[in-house]
Amino acid sequence: EPEVTQTPSHQVTQMGQEVILRCVPISNHLYFYWYRQILGQKVEFLVSFYNNEISEKSEIFDDQFSVERPDGSNFTLKIRSTKLEDSAMYFCASIRQLNTEAFFGQGTRLTVV
Amino acid sequence: GENVEQHPSTLSVQEGDSAVIKCTYSDSASNYFPWYKQELGKGPQLIIDIRSNVGEKKDQRIAVTLNKTAKHFSLHITETQPEDSAVYFCAASPRGITSYDKVIFGPGTSLSVIP
């Protein structure tokens, strides 16, 4: 069964450093998303991406965050200057077309020290 | 914006008993309500969903109900098994509008099925 793949599974970084979280969505999917889950809290929407541009972003997704689809397969989330409060599990998701099932990756646990 | 609440936060049941998880949502524009199961070390996986034009949906041991007027929806798992132990998330989404199908999650219920 096709799946969304995220790398790395766990990333530890120093405060102030840049991190890039990587996702490979399912190959024929067209809409891509990033969500995050701070330990013990809700899974929160960060951003949606379609046709090589951001279609919607939450208030969490400030200027420190950016997304990119650098080639036909990868979808990345970059955090420019990490803060302690960026420590969370980050999930990538994709859907084939609107109004269909969303598939989630297994997540990347980001720890900022 | 949409806010989804979920109860209980933890639930323990004996194997074979039923488990019920209840959720409420705030935005009447939400019209799609998925339920996700998250096992340790994995991402959320869709187990069942319901759309606002349907009041109830069943898939083997899992059923969901939706009350649009009260903005309530529930997950029912019958004949629970130890492998049902996981965190369950309800969610809401205003599909077909300009939200690009983002999903708003509830806080989750940690279900433990005791053998």
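We name chains A, B, ... by the order of the sequence lines, and we start the count at 1 in each one. Keep in mind it's a predicted model, so treat the numbers as computed, not measured.
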For this session: Hydrophobic side-chain clustering at under 4.5 Å (ILVMFWY, transitive links): who's grouped with A:Phe103? Put none if nobody.
Result: A:Val4, A:Ile26
For this session: State yes or no: do B:Ile21 and B:Val64 share one hydrophobic cluster built from I, L, V, M, F, W and Y residues joined by side-chain heavy-atom distances below 4.5 Å, directly or via other members?
Result: yes
For this session: Only one of B:Tyr88, B:Phe105, B:Phe89 passes ring pair (Phe, Tyr, Trp, His ring centres under 6.0 Å) with B:Tyr36; say which it is.
Result: B:Phe105
Exercise. In this structure, are over 12 heavy atoms from other groups packed under 6.0 Å from A:Leu39 atom CG?
Worked result: no
Exercise. Are A:Tyr31 and A:Tyr50 close enough that their ring centers fall under 6.0 Å?
Worked result: yes
For this session: Indicate whether any N or O donor in one side chain lies under 3.5 Å from an N or O acceptor in the other, for B:Asn3 and B:Glu5.
Result: yes
Exercise. Do any of residues 57-70 of chain A have a heavy atom less than 4.5 Å from a heavy atom of chain B, and if so, which, in residue order?
Worked result: none
For this session: Check whether B:Gln38 gets within reach of chain A through its side chain, its backbone, both or neither, counting any heavy atom under 4.5 Å.
Result: side chain
For this session: Flag yes if more than 12 heavy atoms outside B:Gln60 fall under 6.0 Å of its CD atom; otherwise flag no.
Result: no
Seminar exercise, completed: Okay, A:Glu44 and chain B: the region with an atom under 4.5 Å from a heavy atom over there is neither
Problem set entry | Sub-4.5 Å side-chain heavy-atom contact between B:Val103 and A:Tyr33 | no
Exercise. According to the salt bridge (charged side-chain N to carboxylate O under 4.0 Å, His left out) rule, which pairs have a member within residues 22-37 of chain B, sequence neighbours left out?
Worked result: B:Lys37-B:Glu39
Seminar exercise, completed: For residues 8-21 of chain A against chain B, heavy atoms under 4.5 Å, the residues are none
Exercise. Considering residues, nucleotides and ligands other than B:Gln45, do more than 12 of their heavy atoms fall under 6.0 Å from its CD?
Worked result: no
